[in-house]
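Accompanying notes for the structure given below.
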Amino acid sequence: MRSIPMLAAAAALTLIGAPFAAAAQTTQPVAAPSDPSPDPAACPDFLPQETRCWSGRAAKGGFYWIAVPKDWNGTLVVHAHGGPRTATPEANDPLEDLERFSMTVKEGFAWAGSTYRRGGYGVRMAAEDTDDLRQIFWDAFGRPRRTLLHGQSWGGNVAAKTAELYARDAEGQVVWDGVVLTSGVIGGATRTYRFRADLRAVYQFYCNNHPAPDETQYPVWQGLPLDSDLKRAELAERVQACTGVGLPEDRRTAEQKRNLADILAVTGVDEEHLVAHLAWATFLFQDMVQKRLDGLNPFDNSRTVYQGSHDDAALNAGVQRFTADPMGVARLAYDADLSGLIAAPTLTIHGKADPTAFVSNEALYRDTVAAAGRSDLLVQTFTDEAEHSRLSPPEYVGLFQAMMRWLDTGEKPTPDSIAALCQAAAPRYEGGCHFDTDFRPTAD
């Protein structure tokens with residue numbers, strides 16, 4: 001990696017919003033004693049020229065990357081990534097997120113993103129690590145003119161929780177100036193993961209191969225036994241054997257076609273993402289339930305009436321039933337449910353046909369915020385996209401620009417005004433704008 005001079009004088013300049021590049025001294029930034037200083041790093045090719053980058057590892061273990069463009073606008077975006085990723089974090093993992101949201105750096109924002117200290121579930125853990133990264137940047141380079149919090153997918157849950165837990169410091173001063181949630185899993189964990197528990201139960205009724213009859217039997221809400229060595233590829237093979245997913249249509253048996261049609265109709269999952277959702281309901285549930293909830297069950301289908309199959313009576317009579325443990329529900333709610341007590345302007349965007357984090361998440365969050373009396377701080381937008389991980393780039397640009405205008409003027413944006421900002425940015429980015437400014441999701 002090439003060496004890049006550090007700019008300690010940025011601390012004073014950023015307090016008044018001066019561009020980072022204006023600082024000319026070359027002394028090292030001063031980080032908090034508990035966290036090592038960020039190290040200069042070679043910026044990836046997808047960032048604008050003359051962007052400066054740093055990387056490091058927080059005292060609690062999370063790897064992070066920081067990028068500051070030459071013409072910095074004085075605003076920092078702290079990114080909370082999705083997942084949860086169950087693999088052990090690696091030093092360059094944040095680069096994937098930086099590339100996906102590199103339009104923020106191109107638009108003049110500084111960016112910081114972390115892996116969190118470990119893989120696996122834990123919203124409060126990830127929220128603490130996200131706020132720690134903000135502090136690492138502030139300690140190293142001085143407090144920026146503004147600090148925005150951005151969460152993508154499960155990171156939307158992390159960011160929303162971070163904004164609730166760390167909205168103000170011990171002296172009552174604002175920490176996060178604004179919050180942007182993209183394709184967020186923000187309906188509350190005790191509600192938004194329930195459909196995957198239903199998926200496991202429905203799948204097992206039709207397929208009876210996860211677990212297979214000759215394997216150790218366990219309740220499907222556990223995900224997997226802790227000592228299981230099942231791999232995702234092996235799970236995909238089981239799904240294919242039962243449903244034909246991954247095979248050409250003309251190679252699927254009549255039984256496979258009927259199994260697949262019933263599973264999709266009852267659960268609302270589409271064929272393309274069936275294996276992915278089953279994987280989350282397997283490996284993520286194993287981590288969530290077995291490691292984070294000490295084996296307590298947070299899911300309940302004891303009174304669920306399943307509908308949409310060719311024989312609903314048989315399904316409801318034969319499906320595996322389970323009852324939630326109240327402590328399991330309480331512990332998951334404590335970790336990941338949201339209060340709606342937002343304290344900073346918050347913007348969201350979500351594809352109407354998101355196949356991974358259903359758009360109903362937005363309705364659940366909207367209702368939670370309304371119940372807390374904070375609807376004046378929330379604006380939600382929706383697009384005609386069937387995407388989750390990566391929406392059209394100018395849509396993100398419009399969202400961040402709308403947040404800046406909201407903070408500058410105090411005037412709350414509308415979906416129409418955000419769509420107009422996207423249109424203004426569209427000539428600079430591919431993908432176009434796909435907002436449906438009249439859409440309002442339901443919580444179903």
Side-chain angles (χ1 to χ4, degrees), residues 38 41-48 51-58 60-69 75-123 125-134 136-137 147-163 176 178-186 284 347-351 354 356-357 387-397 399-400 403 429 431:
C43 287
D45 294 341
F46 54 75
L47 293 179
T51 299
R52 290 181 169 87
C53 294
W54 292 263
S55 64
R57 191 172 193 181
K60 292 172 185 172
F63 297 101
Y64 63 84
W65 272 76
I66 293 169
V68 181
T75 297
L76 167 67
V77 175
V78 179
H79 174 76
H81 75 70
R85 299 166 183 169
T86 53
T88 301
E90 297 184 4
N92 288 333
D93 285 350
L95 292 179
E96 176 186 351
D97 306 289
L98 177 55
E99 186 277 329
R100 186 182 308 169
F101 295 103
S102 58
M103 74 289 296
T104 56
V105 181
K106 294 173 184 175
E107 293 295 314
F109 296 89
W111 186 95
S114 159
T115 63
Y116 316 136
R117 70 192 71 172
R118 60 164 172 78
Y121 202 78
V123 173
M125 173 272 298
E128 182 177 70
D129 288 352
T130 299
D131 192 62
D132 284 352
L133 178 57
R134 170 198 60 79
I136 288 170
F137 187 99
T147 304
L148 304 182
L149 177 58
H150 172 222
Q152 161 67 20
S153 185
W154 179 68
N157 193 170
V158 173
K161 194 74 166 181
T162 305
W176 302 102
V179 181
V180 177
L181 308 175
T182 57
S183 307
V185 182
I186 51 178
L284 177 58
L347 296 179
T348 77
I349 188 171
H350 218 116
D354 186 330
T356 300
E387 302 292 338
H388 173 69
S389 297
R390 192 186 297 256
L391 300 179
S392 181
E395 294 169 352
Y396 295 131
V397 173
L399 210 65
F400 279 97
M403 176 60 72
Y429 297 93

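Since this is a predicted model, take the numbers as computed values, not measurements.
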Original post:
Which atoms form the tightest heavy-atom contact between Val158 and Ala127, and what is the distance?
Top reply: CG1-N, 3.7 Å
Subject >> pair Asp97-Gln152: side-chain heavy atoms closer than 4.5 Å >> reply: no
Subject >> CD on Glu387 to CD on Glu395, rounded to 0.5 Å >> reply: 10.5 Å
Subject >> Smallest separation among heavy atoms of His388 and Ser153, with atom names >> reply: NE2-OG, 2.7 Å
Original post:
So, His81 side chain and Pro94 main chain: donor-acceptor pair closer than 3.5 Å or not?
Top reply: no
Original post:
Do you know which two heavy atoms are closest between Ala112 and Leu133, and how far apart they sit?
Top reply: C-CD2, 3.7 Å
Original post:
Tell me, do Ile186 and Leu181 make a side-chain contact under 4.5 Å, heavy atoms counted?
Top reply: yes
**OP:** Would you name the heavy atoms of Ala357 and His350 that are closest together and state the gap between them?
**Re:** O-NE2, 2.7 Å
Subject >> Ring geometry between Phe400 and His150 (parallel below 30°, tilted from 30 to 60°, perpendicular above 60°) >> reply: perpendicular
**OP:** Compare every heavy atom of Pro44 with every heavy atom of Trp65, then report the nearest pair and how far apart it is.
**Re:** CZ3-CD, 4.3 Å
Subject >> Chi angles and distances behind the side-chain contact (heavy atoms from CB on, under 4.5 Å) call for Leu98, Leu47 >> reply: CA-CA 9 Å; Leu98 177 55; Leu47 293 179; 3.9 Å; yes
Subject >> Nearest atoms (heavy-atom pairs only) where Pro89 meets Tyr116 >> reply: CG-O, 4.0 Å
Original post:
With a 4.5 Å limit on heavy-atom distance, are the side chains of Phe63 and Ser55 in contact?
Top reply: no
Original post:
Any donor-acceptor pair under 3.5 Å linking the side chain of Asp131 with the backbone of Glu128?
Top reply: no
**OP:** Would you please classify the geometry between the Tyr396 ring and the Phe101 ring as parallel, tilted or perpendicular, with 30° and 60° separating the classes?
**Re:** perpendicular
**OP:** Find the distance between CG (Leu347) and OG1 (Thr182) and round it off to the nearest 0.5 Å.
**Re:** 11.5 Å
**OP:** Report yes if the side chains of Phe137 and Thr147 come closer than 4.5 Å at any heavy-atom pair, otherwise no.
**Re:** no
Original post:
About how many Å separate OG of Ser102 and CZ of Phe109, when rounded to the nearest 0.5 Å?
Top reply: 13.5 Å
Original post:
Below 4.0 angstrom, N of the basic side chain to O of the carboxylate: do Glu90 and Arg85 qualify?
Top reply: no
Original post:
About how many Å separate CH2 of Trp54 and CD1 of Ile136, when rounded to the nearest 0.5 Å?
Top reply: 14.5 Å
**OP:** Find out whether Asp129 and Tyr64 are in side-chain contact, i.e. whether some heavy atom of one side chain is under 4.5 Å from a heavy atom of the other.
**Re:** no
**OP:** Enter the distance from Leu399:CG to Thr104:OG1 here, rounded to the nearest 0.5 Å.
**Re:** 12.0 Å
Original post:
What distance separates Leu391 CG from Asp354 CG, expressed to the nearest 0.5 Å?
Top reply: 7.5 Å
Original post:
Heavy-atom distance under 4.5 Å between the side chains of Ser114 and Thr130, does that happen here?
Top reply: no
**OP:** Measure from the side-chain N and O atoms of Arg118 to the backbone N and O of Tyr121, and report whether any donor-acceptor pair falls under 3.5 Å.
**Re:** yes
Original post:
Quick one: are Ile66 and Leu76 in side-chain contact, heavy atoms under 4.5 Å?
Top reply: no
